[in-house]
Amino acid sequence: MTDVPPPATDPWKGLRGVMAGTLVLEAIVVLLALPVVADVGGGITWFSGTYLVALSILMILGAGLQRKPWAIPFNLGMQLLLLAGTFIHLSIGVIGLVFAAVWAFILMLRADVQRRMDAGLLPSQRMRREN
């Protein structure tokens, strides 16, 4: 088996940016759901308001921590907490399902990048092999 050269550039940098951007977008969507919960869901209680705002703050803070080795479990934990928000209002659960699908796609992309990197098929790996 041939030695696979490491990529010349960090292939995870772009994916970390996508994950950070997704968390920020998700936090904004959760905050935009507050008026829906207030008008349609029978009003915001101290618990529901605190839960949704705290979840949004955690997502925004987590967006800056995507270099940490525990970033992906953190991101998936945020999805579980968002899905648990279904007990506040069904619309929060729908948001959770939509973003769960987004995170499933991100994990598929991550697996594809890892597979390509292991096989030496990333463009920066091919350029190094040709030179």
Can you tell me how far [atom2] of [Y] sits from [atom1] of [X], rounded to the nearest 0.5 angstrom?
{"X": "T86", "Y": "I92", "atom1": "OG1", "atom2": "CD1", "value": "8.5 Å"}
{"X": "Q79", "Y": "M59", "atom1": "CD", "atom2": "CE", "value": "5.5 Å"}
{"X": "L15", "Y": "L109", "atom1": "CG", "atom2": "CG", "value": "7.0 Å"}

What class does the angle between the rings of F87 and F47 fall in, given that below 30° is parallel, 30 to 60° is tilted and above 60° is perpendicular?
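Taking F47 first and then F87, their aromatic rings sit tilted (interplane angle of 30° to 60°).
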Minimum heavy-atom distance between [X] and [Y], given as atom pair plus value:
{"X": "A20", "Y": "A63", "value": "CB-O, 3.3 Å"}
{"X": "S56", "Y": "A27", "value": "OG-O, 3.3 Å"}
{"X": "P73", "Y": "P69", "value": "CD-O, 4.4 Å"}
{"X": "W103", "Y": "L76", "value": "CB-CD2, 4.5 Å"}
{"X": "L34", "Y": "I44", "value": "O-CD1, 3.4 Å"}

Any chain of hydrophobic side-chain contacts (each under 4.5 Å) joining [X] to [Y]?
{"X": "L97", "Y": "L80", "answer": "no"}
{"X": "L23", "Y": "L25", "answer": "yes"}
{"X": "M19", "Y": "L65", "answer": "yes"}
{"X": "V94", "Y": "L81", "answer": "no"}
{"X": "L83", "Y": "L90", "answer": "no"}

Is a side-chain N or O of [X] found less than 3.5 angstrom from the main chain of [Y], in a donor-acceptor match?
{"X": "T50", "Y": "W46", "answer": "yes"}
{"X": "Y51", "Y": "I88", "answer": "no"}
{"X": "D112", "Y": "M108", "answer": "no"}

Is the shortest heavy-atom distance from the side chain of V102 to the side chain of E26 under 4.5 Å?
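Sidechains of E26 and V102: no contact.
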Members besides I60 in its Ile/Leu/Val/Met/Phe/Trp/Tyr cluster (side-chain heavy atoms under 4.5 Å):
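Its cluster partners, ordered by chain and number, are none at all.
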I28: hydrophobic cluster co-members (side-chain, 4.5 Å):
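Hydrophobic cluster check, I28: joined to V24, L32.
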D118/R115 salt bridge by N-O under 4.0 Å criterion
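So R115 does not pair with D118 through a salt bridge.
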Could you go through V30 and L52, starting from their C-alpha distance and side-chain angles, then the distance that decides it, and tell me whether this counts as side chain to side chain contact (heavy atoms under 4.5 Å, CB included)?
CA-CA 7 Å; V30 170; L52 294 176; 4.0 Å; yes
According to ring pair (Phe, Tyr, Trp, His ring centres under 6.0 Å), who are the partners of F105, at least two apart in sequence or on a separate chain?
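Result, ring pair (Phe, Tyr, Trp, His ring centres under 6.0 Å) vs F105: none returned.
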Can you see whether W12 has R110 sitting over its ring - NZ or CZ less than 6.0 Å from the centre and within 45° of the normal?
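Judged by the rule, R110 and W12 form a cation-pi pair.
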Under the side chain to side chain contact (heavy atoms under 4.5 Å, CB included) rule, what do I95 and L82 come out as? Steps first, then yes or no, please.
CA-CA 8 Å; I95 292 169; L82 184 59; 3.9 Å; yes
Working note: Q66 + I72, criterion side chain to side chain contact (heavy atoms under 4.5 Å, CB included); need CA distance, chi angles, decisive distance, verdict.
CA-CA 8 Å; Q66 294 305 302; I72 296 220; 5.9 Å; no
